[in-house]
Amino acid sequence: MEFLLIAAVIAVAVAVISRSQNKGQTQLQAHQNRHLEDYRAEATRWVERLGGQVFNIDGIDDASKQAMADASERYTAAVTELERATTPVQAQLAKDTALEGLYYVRAAREAMGLDPGPELPATPGQDRAGKVTEDRTVEVDGRTMSAATGPSDQTPHYYPGGVVAGRPVPSGWYSEPWWASALASGMWMMSSMMMFNMMFAGMSGVGYSGEDFASGIGEGGADVGDMGGDDGGFFDGGLFGGDGGDAGGDAGGDGGGFFDGGLFGGDGGGDGGGFFDGGLFGGDGGGLFDF
């Protein structure tokens, strides 16, 4: 008799606990759904605003046409992200993409001499990246690359600023979208540290230092310091060279370091030479920028 009574009490307790848990889970799910819908509604507002701009503004020169093309690409991406959003984080991503697109719209309007419109909320990484505060042109193995505070025939490519593959890319106008490959692949090429140093070193307003880039501070991206081979340091079979130079022709070959067979070419630079000799920027072996 006592056993039956204990069993009954246990059964009632289990039922009460189960009902309580189910009620709690239902309430939690309802709260999460409301939270998601709030984020989706906010994202939808920005996506629709971007769409209205994309469908009603046409560029009139290279800079404004390119900026509007980038804005259109962001609109397409934001719509897709919003449609697939099942969590607040995913909905927030759609909003951030739409905001980035609106920065491109502002840039296009600026290039056409129009009122850029109201200020926009900052997108992730903008504050850290900073912005270009002076016009600067550098030579990278004979290739001219420019950054400017405003659009021109020489700098028709705009970037709103942010962190790309772990490294800050300042807001500004550029001669070419050199960040595009890192944006698509999540990895920076071997040339990037030198190019960053040449372009941005000492520029006020830019959230960048060579030490930050080399150490891979940030989110995503490959650590440049880990790309070396078996022997040596930064200049001798280290950073970009050595026997284990897995990064290809522009990473150096046997015993090749940063300046010897690695980044800048030489006998140890592999089949195509080094960074500037058949590697990334061309030479006899053909490179990324020498087609």
Side-chain angles (χ1 to χ4, degrees), residues 42-82 92-138 140 143-164 167-184 195-196 199-200 203-208 289:
E42 177 71 2
T44 298
R45 181 169 70 89
W46 291 104
V47 171
E48 290 178 347
R49 179 174 167 181
L50 173 59
Q53 298 289 308
V54 166
F55 295 131
N56 287 287
I57 297 177
D58 293 318
I60 60 174
D61 56 15
D62 289 345
S64 57
K65 288 178 180 178
Q66 182 61 56
M68 288 308 302
D70 290 329
S72 179
E73 186 275 331
R74 298 305 188 276
Y75 173 70
T76 300
V79 168
T80 300
E81 290 165 354
L82 185 58
Q92 179 67 39
L93 177 62
K95 174 187 172 181
D96 291 340
T97 301
L99 281 173
E100 187 174 340
L102 286 167
Y103 273 98
Y104 280 105
V105 172
R106 283 176 58 87
R109 294 177 67 89
E110 175 188 353
M112 292 187 287
L114 303 175
D115 181 352
E119 293 293 329
L120 297 169
T123 59
Q126 270 190 329
D127 291 339
R128 176 189 165 195
K131 62 181 180 180
V132 175
T133 54
E134 62 183 77
D135 294 357
R136 185 172 291 185
T137 298
V138 299
V140 182
R143 186 180 184 86
T144 302
M145 301 177 71
S146 300
T149 58
S152 70
D153 291 341
Q154 288 72 41
T155 54
H157 296 276
Y158 176 75
Y159 188 70
V163 176
V164 177
R167 275 80 182 186
V169 177
S171 169
W173 292 86
Y174 298 93
S175 57
E176 59 185 79
W178 44 265
W179 58 88
S181 61
L183 192 65
M195 192 282 295
F196 267 67
M199 184 72 78
F200 301 121
M203 184 183 293
S204 63
V206 170
Y208 160 78
F289 293 113

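Quick caveat: nothing in here was measured; it's all calculated off a predicted structure.
- Taking all atoms of both residues into account, the shortest heavy-atom contact from Y75 to G51 is CE1-CA, 3.4 Å.
- The CH2 atom of W46 sits 14.5 Å away from atom CG of L82, with the distance rounded to the nearest 0.5 Å.
- Between the CG atom of D61 and the CD atom of Q66 there is a distance of 11.0 Å, given to the nearest 0.5 Å.
- No side-chain donor from either of E73 and Y104 sits under 3.5 Å from a side-chain acceptor of the other.
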Exercise for the section: Evaluate the criterion side chain to side chain contact (heavy atoms under 4.5 Å, CB included) for residue pair E42 and Q92; output intermediate values, then yes/no. Expected result: CA-CA 8 Å; E42 177 71 2; Q92 179 67 39; over 6 Å; no

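- Interatomic distance, I60 CD1 to M68 CE, rounded to the nearest 0.5 Å: 12.5 Å.
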Exercise for the section: Mind running side chain to side chain contact (heavy atoms under 4.5 Å, CB included) on T123 and Y103 for me, showing each step along the way? Expected result: CA-CA 9 Å; T123 59; Y103 273 98; 4.0 Å; yes

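- With rounding to the nearest 0.5 Å, the separation of CG in L102 from CZ in R109 is 11.0 Å.
- Counting heavy atoms from C-beta outward, L99 and P121 have side chains that approach closer than 4.5 Å.
- Contact record, S64 with G59: OG-CA, 3.4 Å, taken as the closest heavy-atom pair.
- Counting only distance, with no hydrogens or angles, the side chain of R106 and the backbone of P118 share a donor-acceptor pair below 3.5 Å.
- Nearest heavy-atom pair across S175 and M145 is OG-CA, 3.5 Å.
- Summarising the geometry of V132 relative to E134, their closest heavy-atom pair is CG1-O, 3.2 Å, with the distance given to 0.1 Å.
- Between Y159 and W179, the angle of the ring planes lies from 30° to 60°, which puts this pair in the tilted group.
- Contact detail for D70 and Y158: the closest heavy-atom pair is OD2-O, 4.4 Å.
- The closest side-chain heavy-atom distance from R45 to K95 is not below 4.5 Å.
- Test T137, D135, T155 against S146 for side chain to side chain donor-acceptor pair (under 3.5 Å) and you get one pass: T137.
- In terms of heavy atoms, M112 sits closest to D58 at SD-O, 3.5 Å.
- Side-chain contact between Q126 and S171 is absent, with no heavy-atom pair separated by less than 4.5 Å.
- Summarising the geometry, atom CH2 belonging to W178 is positioned 13.5 Å from atom CZ belonging to R143; distances are rounded to the nearest 0.5 Å.
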